[in-house]
Student: 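Please read through the structure below; I'll follow up with questions.
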Amino acid sequence: EKGGYDHFMLKEIYEQPDAIRDTYRGRLLVKEGIIRMAGIDDNIEKFINADRIIIVACGTSWHAGLVAEYIFEDIARIPVEVEYASEFRYRNPVITKKDVVIAISQSGETADTLAAIKLAKANGAFVFGVCNVVGSTIARETHAGAYTHAGPEIGVASTKAFTTQITLLTLIALKLAKVKGEISNSDYRYHLQELELIPEKVAKALKSEDHIKMIAEKYKNAKNFLYLGRGYNFPVALEGALKLKEISYIHAEGYPAAEMKHGPIALIDENMPVVVIATKKGHYEKVVSNIEEIKARQGKIIGIVTEGDENVKSLADYVIEVPESLESLSPLLTTIPLQLLSYHIAVMLNRNVDQPRNLAKSVTVE
Ligand code: F6R
């Protein structure tokens with residue numbers, strides 16, 4: 001049932017090219033220049049007239065929501081707020097009929113997300129679900145929705161659910177950008193073409209596994225890790241840290257790279273591995289100067305870089321390459337090495353990778 005893999009998590013990491021393709025299949029029509037999604041088409045007025053989009057989710061799904069915030073605001077020019085469902089539901093939040101709420105949940109059963117949906121509905125908002133499990137409670141409780149087609153995710157640590165959520169939310173953002181006239185035809189077409197290429201680029205990123213294993217061996221005994229990223233890759237840093245924490249039990253923090261100097265820089269010494277997402281597009285020079293600051297304090301640098309990068313390579317202890325893509329699509333690629341790094345560290349530490357202690361696959365209690 002693990003298809004020859006040692007763990008479900010590894011199998012699911014390797015399923016991502018297919019899972020992403022399955023998620024855009026029938027929706028992303030590159031030749032025609034169309035994105036077809038019934039749940040959006042049928043409710044297009046609600047999305048276009050929305051004052052803002054509020055995304056509610058927990059854990060990894062919340063990280064996918066943060067990536068979506070960047071793309072919705074960047075290309076569709078719709079204001080977005082991303083909320084932890086557990087905070088949102090108890091905050092007496094301001095919700096109106098002009099709000100569209102997007103609830104993201106792999107399982108479709110997360111208690112806090114479900115409660116946030118009920119609150120939003122009671123206040124007249126239109127609620128759209130992004131779920132993986134067909135027929136799940138959240139899928140049924142929302143006004144409309146779209147499924148990620150990741151297939152069953154068994155490993156407790158979410159992997160393919162995350163990348164397919166981002167894929168789906170990217171389709172929605174592109175569609176709304178087009179309908180609202182916020183994106184030029186050529187830019188739109190370019191995005192569609194690049195999105196279609198993501199599965200093969202993910203497959204290429206997976207080829208770094210042996211190299212990543214070697215890096216895991218070097219740092220598996222570290223007590224703390226710091227993950228840094230900027231822009232679209234800031235949420236990827238959060239997700240990378242969460243993956244490491246939950247399956248290896250090593251403390252890790254994700255931070256926006258530029259915030260490092262406002263505190264976390266005090267932690268950096270020769271025992272601190274810092275994973276820095278430093279792909280070519282998006283604040284590259286600024287991230288490089290953050291890397292120089294880490295190096296000056298003897299921190300160990302693992303750079304996630306664009307193929308062929310020489311600059312970061314000359315500064316970092318190790319680099320892991322991912323194929324080039326649009327900045328907005330780069331989280332789909334930069335996430336891959338971070339999944340593999342935490343997986344291999346956890347395996348080397350003899351952790352129960354698929355069933356980490358204290359965690360459940362779906363959190364149906366608050
Ligand atoms: C992390 C993880 C959790 C879930 C969170 C939300 O790997 O699996 O953080 O992402 O419990 O679950 P769903 O998406 O099912 O609502």
Side-chain angles (χ1 to χ4, degrees), residues 7-13 15-16 19 23 55-68 82-89 101-118 120 127-142 145-169 227 235-250 252-254 331 335-336 338-343 345-346 351-366:
H7 298 94
F8 282 110
M9 183 181 175
L10 190 61
K11 173 173 178 265
E12 289 160 7
I13 289 173
E15 280 172 348
Q16 288 175 110
T23 297
I55 296 178
V56 294
C58 303
T60 291
S61 297
W62 183 75
H63 295 153
L66 286 179
V67 175
V82 189
E83 304 264 5
Y84 282 119
S86 55
E87 286 298 314
F88 181 78
R89 63 180 288 201
V101 172
I102 299 181
I104 309 173
S105 176
Q106 186 287 127
S107 63
E109 303 296 343
T110 302
D112 282 318
T113 308
L114 186 58
I117 290 168
K118 289 185 173 155
V127 186
F128 188 89
V130 172
C131 296
N132 191 45
V133 176
V134 176
S136 55
T137 310
I138 291 175
R140 285 183 284 113
E141 282 285 332
T142 40
Y147 286 112
T148 49
H149 293 292
E153 193 181 61
I154 311 290
V156 164
S158 188
T159 53
K160 61 178 180 169
F162 180 65
T163 46
T164 55
Q165 286 163 347
I166 295 174
T167 301
L168 190 78
L169 292 158
Y227 285 73
V236 175
L238 296 180
E239 174 60 10
L242 177 62
K243 274 316 67 120
L244 187 70
K245 276 185 270 213
E246 65 183 336
I247 61 167
S248 74
Y249 318 145
I250 297 172
E253 270 192 77
T335 297
I336 306 299
L338 304 190
Q339 294 170 344
L340 286 170
L341 182 66
S342 46
Y343 171 79
I345 290 177
R351 305 300 192 220
N352 187 347
V353 173
D354 283 335
Q355 296 250 280
R357 68 185 183 199
N358 310 338
L359 291 172
K361 185 64 187 163
S362 75
V363 184
T364 53
V365 291
E366 68 170 277

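Every number for a ligand or one of its atoms is a count from 1 in the order of the listing.
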Student: Listing request: all salt bridge (charged side-chain N to carboxylate O under 4.0 Å, His left out) pairs with a residue in residues 154-167, at least two apart in sequence or in separate chains.
Tutor: Glu15-Lys160

Student: Give a yes-or-no answer on whether the side chains of Glu239 and Thr60 include a donor-acceptor pair shorter than 3.5 Å.
Tutor: yes

Student: May I have a table of the N/O to N/O pairs between ligand 1 and the protein that fall below 3.5 Å, each row giving the two atom names and the distance to 0.1 Å?
Tutor:
| residue | atom | partner | partner atom | Å |
| --- | --- | --- | --- | --- |
| ligand 1 | 7 (O) | Thr60 | OG1 | 3.3 |
| ligand 1 | 7 (O) | Ser158 | N | 2.9 |
| ligand 1 | 7 (O) | Lys243 | NZ | 2.9 |
| ligand 1 | 7 (O) | Glu246 | OE1 | 3.1 |
| ligand 1 | 7 (O) | Glu246 | OE2 | 2.6 |
| ligand 1 | 8 (O) | Val156 | O | 3.1 |
| ligand 1 | 9 (O) | Thr60 | N | 3.3 |
| ligand 1 | 10 (O) | Thr60 | N | 3.0 |
| ligand 1 | 14 (O) | Ser61 | OG | 2.6 |
| ligand 1 | 14 (O) | Gln106 | N | 2.7 |
| ligand 1 | 15 (O) | Ser105 | OG | 3.4 |
| ligand 1 | 15 (O) | Gln106 | N | 3.4 |
| ligand 1 | 15 (O) | Ser107 | N | 2.8 |
| ligand 1 | 15 (O) | Ser107 | OG | 2.7 |
| ligand 1 | 16 (O) | Ser105 | OG | 2.6 |
| ligand 1 | 16 (O) | Thr110 | OG1 | 2.5 |

Student: Where does the angle between the aromatic ring planes of His7 and Tyr343 fall among parallel (under 30°), tilted (30 to 60°) and perpendicular (over 60°)?
Tutor: perpendicular

Student: Would you say the side chains of Gln16 and Thr163 form a donor-acceptor pair under 3.5 Å?
Tutor: yes

Student: Between Ser362 and Thr364, is there a donor-acceptor pair closer than 3.5 Å when you use the side chain of the first and the backbone of the second?
Tutor: no

Student: Strictly by modelled atom types, are Thr148 and Gln165 linked by a side-chain donor-acceptor pair under 3.5 Å?
Tutor: no

